[in-house]
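Right, one structure below, let's go through it.
Below, read A as the first sequence line, B as the second, and so on, with proteins coming before strands; counting in each chain starts at 1. Excluded from the calculations below are hydrogen atoms, water molecules and symmetry mates; all remaining heavy atoms, backbone and side chain alike, are included.
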Amino acid sequence: MISRLDQAPACVELLLFTAGGIRFGVECSRIAGILTLPEAQEKGLSILDLPAALRLACLQEPVCAASRVIVLKGGVASTGVIINGPDEFFMADAADVSPLPALLSATISTPAIRGVARRGDEFILLADFQRALLTKACA
Amino acid sequence: MTDAPSELDLIIDRNALSGSADKRIADLDEPTAKLVVVRLGEGLFAFPGRQVREILHCSEVFLVPGCPDYVQGIINIRGDVDSVLNLHRVLGMTDAPVTADSRIVVGLGAGIRSGLRVDSVEDVLDVAESCITPPLLNLPEAVRDYVSGQVSLERGAVAVLNLDLLFGKLLS
């Protein structure tokens, strides 16, 4: 019998962006599309800024020409999140992806940061907007 | 036929016996505990050696937003991602900047592993377990919950921190 864990992929594609000097990655398979802000407004999406989406007040950044709206899939399909300058697609090897250390998982104030991907000496925080928004909706 | 021992002989023999009574040979079977002694500000603390995995130079710690202020961030230790705690803040002490002497003590407790930043590692030594006494009752409240004992060394009194208590409290 093959368990769900045995079916975990060998790698995962991430969309990378930077906020507050910190590198974040969002799983591409959970993104329905990337729009400019005017396009997203035209479509009538519910648009959140990053601090609201991640439930982290410290990451407020001004909207600029490089800002884009990533449209989420799943239970929050009509929601978009503004991020500044999504700038790279990165294929992370499964061996380089880790959950947050136990002390951080137990104490972090947001459910939106699921884990960490390592790329050389760099850490990329793995953001899960759906988890944060759906958890907030249930709260 | 030998002469009877003189008074001097008796004195010497008696003193030889009393001297050896004072020079007690250490009991090699007495259990000892290894302690890693660290400095935080003006104070000395120790971790039980069995709870210390390794000691690292302070490398760049990656900040993770949304964590309590005593969580300094995460580091990469040979492919494993570990947390780093600011031990000054955990113990309610005034924070101190990172210097060339600063170290990250990677410890095990309550089933988890984490790094703890300290100002310096002063010593690693073996002490007889009988030398580790119960902690003083007048310890600051922020420290009291994590101290399992204390030991007196030449350089001063050292509070022995128990990582099962420390990590366990932070997890709860």
For each of [options], tally heavy-atom pairs with chain A at distances under 4.5 Å, and name the one with the top tally.
options: B:D80, B:I75, B:L85; result: B:I75
options: B:S114, B:P68, B:G111; result: B:P68
options: B:L171, B:V71, B:I74, B:L170; result: B:I74

Look at the side-chain heavy atoms of Ile, Leu, Val, Met, Phe, Trp and Tyr, link any pair under 4.5 Å apart, and say whether [X] and [Y] land in one connected group.
X: B:L56; Y: B:L116; value: no
X: A:V26; Y: A:L72; value: yes
X: B:I55; Y: B:L161; value: yes
X: B:L125; Y: B:V151; value: yes
X: A:L48; Y: A:L125; value: yes

Please look at [X] and chain A and tell me whether the side chain, the backbone, both or neither of the residue comes under 4.5 angstrom of a heavy atom of that chain.
X: B:D82; answer: backbone
X: B:V81; answer: both
X: B:I112; answer: side chain

Checking side-chain contact (heavy atoms from CB on, under 4.5 Å) for the pair A:F123/B:V64: CA distance, chi angles, key distance, verdict? CA-CA 10 Å; A:F123 280 123; B:V64 177; over 6 Å; no

Among A:L54, A:I108, A:L56, which residue satisfies the side chain to side chain contact (heavy atoms under 4.5 Å, CB included) criterion with B:P65? A:L56

Close contacts, residues 16-24 of chain A versus chain B, judged by heavy atoms under 4.5 Å: A:I22, A:F24

Is any residue of residues 94-103 of chain A within less than 4.5 Å of chain B by heavy atoms, and which ones? A:S98, A:P101, A:A102, A:L103

Around B:D69, counting heavy atoms of other residues, nucleotides and ligands shown, do more than 12 lie under 6.0 Å from its CG? yes

Atom CD1 in A:I124, atom CZ in B:F62: separation rounded to 0.5 Å? 8.5 Å

dist A:L104:CG -> B:C67:SG (nearest 0.5 Å) comes out at 4.0 Å

